[in-house]
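Here the structure is a predicted model, which means the values were calculated and not measured. Naming: A, B, ... by sequence-line order, numbering from 1 per chain.
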Amino acid sequence: MLIVQGLLEGLFNGLSIGAVLLVAALGLAIVFGLMGVINMAHGEFMMLGAYTTFIVQNVFKTFGSPWSETYIIFALPVAFLLTAGFGILLERGVIRYLYGRPLETLLATWGVSLILQQFVRSVNWVLAIAIVIFSALFFGGLWFIAKRADYDRIKTLVWTIMLPLSAAISGAIGFVLAQTFKLTVTKPWFGAQNVDVTAPAWLRGGVRVFGTFQIPYARLFIIILTAACMAGIYLFLQKSKWGLRIRSVTQNRTMSSCLGIPTQQVDSLTFALGSGLAGIAGCAISLLGSVGPNTGQNYVVDTFMVVVVGGVGKLAGSVVAAIAIGTVNYFVGSGTIALLVQPIKPLADFFTFFATASMAKVMVFFLIISFLQFRPGGIFPQKGRTVDA
Amino acid sequence: MLQISDLNVYYGESHILRDVDMHIPEGQMICLIGRNGVGKTTLLKTIMGLIKPRRGSVDFLDRPINHLSPDKRARMGIGYVPQGREVIPRLTVKENLIIGLEALDNPPKNQEIPEEIFELFPVLKTMLWRMGGDLSGGQQQQLAIARALMGKPKLLVLDEPTEGIQPSVILDIEAAIKKVVKATGISVLLVEQHLHFVRQADWYYAMQKGGIVASGATSELSQDVIQQFLAV
């Protein structure tokens with residue numbers, strides 16, 4: 001009885017760890033798996049999603065009950081749209097110039113991830129207003145001037161004048177604001193400390209299954225959310241017109257464009273979708289612990305791991321990999337395996353040694369490395385005539 | 001319909017196409033012949049917009065299209081069947097065909113494959129749910145042509161459609177293309193080494209070392225010319 005209960009508990013916990021891994025990896029399965037873009041800022045998109053949840057929570061708190069209890073439902077689409085927007089900015093501004101150059105993409109997106117981390121630490125009213133004014137002046141001005149017929153000729157001149165000018169104006173306005181209103185505008189919104197998202201009352205507690213084993217509602221919520229995201233992505237990619245375009249462009253960009261598919265729009269949309277999913281993942285992980293500027297870093301390695309182990313370009317692979325990694329992680333980390341092999345002393349000692357959260361991770365990584373030696377293509381490698389082409 | 005003037009294309013510093021002039025009138029089938037490596041595929045890629053010319057112009061339907069991206073050119077009515085087919089491997093045959101509809105401005109609401117396609121290429125009908133990448137070379141070639149035809153092109157550009165394909169399938173493809181030209185009156189630009197197919201065209205251009213060196217009606221295509229530009 002005890003063993004059955006232990007196994008069930010392990011399975012559920014493995015599933016719930018796997019669900020967190022999966023929801024975090026889903027966006028990357030699209031961005032890295034389908035598009036082949038190594039986005040090191042993916043974790044930071046999750047962090048932005050988590051902070052968005054925090055903001056939505058605080059806004060809804062001021063409305064009082066029942067709004068303060070349902071904020072999470074509204075935070076999901078807001079986080080999705082916001083991170084998708086950031087994703088489009090990143091794709092249009094940086095990544096599209098680096099297609100087919102993985103090393104440069106890796107470096108550039110890593111830089112973006114550092115910028116985003118520092119951004120949430122130091123963002124305040126002055127910074128936000130300065131950025132808005134700068135974008136309005138610079139991009140608005142460019143948009144206005146680009147309509148002139150001789151734009152191509154005067155482009156360099158326009159840039160050399162507009163860039164420092166807009167920067168100077170927005171900087172000056174920011175400085176004046178900071179001097180006039182002092183702390184009210186220069187105080188960081190979030191600061192370097194972690195912030196807390198409190199799960200609404202209906203997500204606290206859990207269902208008691210038997211004995212002392214209970215399933216927390218927050219975990220259940222994440223599992224259901226992950227399943228819903230999976231189903232949504234699957235339907236979108238397999239059934240919709242844009243899904244077909246995405247699948248076509250990710251497999252053969254040149255030919256797709258020769259057939260009349262607007263590949264640039266497809267790229268932006270695909271990247272936005274992947275980033276938006278990172279936002280949803282951020283919402284989910286904000287329920288599990290406090291949220292800080294480094295939250296994303298804790299997840300980015302895990303998400304790449306899931307995508308690679310599952311087989312790059314295979315959504316189903318990511319699902320299996322996430323659940324497998326979650327389950328192994330839990331069984332090793334909780335000491336369940338050590339309990340099972342108790343009669344054999346040396347084995348029991350061995351597994352007891354690994355029965356902490358960090359050591360379990362060491363073991364999981366070791367297992368993954370050895371697994372990839374035998375199956376470099378992951379659990380579900382690409383098959384068929386076209387693999388080598 | 002398609003007018004190419006003074007076209008010069010480089011890969012890096014190597015000069016590939018030299019002062020190419022070419023004219024494709026409406027409703028005609030034009031064949032481009034020449035040995036391997038003289039720049040035939042490069043010329044087609046430049047027409048499609050995959051390579052930017054350093055000098056010269058490409059006009060389609062009396063509009064300069066030099067600055068347009070490949071997808072805009074496809075939407076204007078250039079259907080491209082590249083060398084090596086380039087069927088999308090992990091899409092089903094049906095999805096590959098539906099992708100061909102992207103070139104249309106107003107694609108039909110119901111995504112059904114018109115019966116004409118299956119009349120031209122009956123082999124595709126039985127394979128709608130197979131993955132494109134799992135088909136044989138000849139089947140992929142037929143799929144690639146069918147896909148280009150789904151977009152109702154005004155000009156069909158074919159790059160060596162018979163390369164590495166068994167003789168009976170070559171005849172099928174030949175017959176299908178003749179049938180399409182007759183039924184719809186579209187223009188065809190064909191790069192071909194297979195002599196029987198070359199003779200189906202109205203007009204030929206012969207290329208050597210990146211330039212057009214001869215042209216004329218295919219009815220006048222003499223053994224000498226063939227010896228000079230096609231024989232190895």
Side-chain angles (χ1 to χ4, degrees), chain A residues 29-30 33-36 96 99-100 146 149 151-152 155 234-270 311-317 377-378 380-389, chain B residues 44-45 47-51 67-92 94-105 107 109 111 130-137 139-140 143-144 146-153 157 159:
Chain A
I30 287 173
L34 293 182
M35 296 178 83
R96 75 165 152 154
Y99 280 126
Y151 174 66
D152 280 332
K155 200 172 173 181
Y234 180 81
L235 285 178
F236 177 73
L237 284 180
Q238 296 297 324
K239 302 286 172 204
S240 79
K241 200 165 137 191
W242 280 98
L244 182 59
R245 286 176 181 164
I246 288 177
R247 283 184 293 145
S248 177
V249 170
T250 50
Q251 291 180 53
N252 191 334
R253 175 177 307 273
T254 317
M255 194 57 223
S256 298
S257 78
C258 286
L259 288 168
I261 300 177
T263 48
Q264 293 202 343
Q265 285 173 36
V266 173
D267 287 337
S268 296
L269 181 87
T270 318
V312 174
K314 290 277 184 167
L315 280 181
F380 294 117
Q382 300 276 8
K383 279 189 286 235
R385 287 187 186 211
T386 44
V387 173
D388 300 321
Chain B
L44 299 199
K45 282 186 173 167
I47 292 173
M48 209 52 224
L50 295 172
I51 302 171
H67 58 283
L68 293 182
S69 57
D71 59 292
K72 299 241 172 60
R73 297 183 196 210
R75 281 169 180 271
M76 279 182 77
I78 306 183
Y80 179 48
V81 181
Q83 199 171 21
R85 276 86 70 171
E86 310 270 341
V87 161
I88 314 283
R90 306 310 296 165
L91 295 188
T92 62
K94 187 174 182 192
E95 286 170 332
N96 264 290
L97 289 170
I98 287 171
I99 284 282
L101 292 172
E102 291 285 335
L104 295 175
D105 286 329
K109 281 276 176 290
Q111 304 213 309
R130 295 266 291 273
M131 285 292 166
D134 294 343
L135 300 191
S136 75
Q139 292 161 350
Q140 288 195 9
L143 173 56
R147 181 178 63 181
L149 291 175
M150 288 289 285
K152 301 206 165 54
V157 177
D159 198 347

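- Within the model, atoms CZ of B/Arg90 and CZ of A/Arg247 stand 11.5 Å from one another, a figure rounded to the nearest 0.5 Å.
- The contact between B/Leu50 and chain A is made entirely by side chain atoms (from C-beta outward), counting heavy-atom distances below 4.5 Å.
- Rounding to the nearest 0.5 Å places CG of A/Leu244 at 6.5 Å from CD1 of B/Ile98.
- Between atom CG of residue B/Asp71 and atom OG1 of residue A/Thr263 there is a gap of 5.5 Å, rounded to the nearest 0.5 Å.
- Once rounded to the nearest 0.5 Å, the distance linking NZ of B/Lys72 with OG of A/Ser257 reads 11.0 Å.
- The neighbour count for A/Tyr234 OH, taken as heavy atoms of other residues, nucleotides or ligands under 6.0 Å away, does not exceed 12.
- At least one side-chain heavy atom of A/Met255 sits under 4.5 Å from a side-chain heavy atom of B/Arg147.
- With values rounded to the nearest 0.5 angstrom, A/Leu259 atom CG is found 11.0 Å from B/Arg75 atom CZ.
- Distance check, rounded to the nearest 0.5 Å: OG of A/Ser248 to CD of B/Glu95 gives 9.5 Å.
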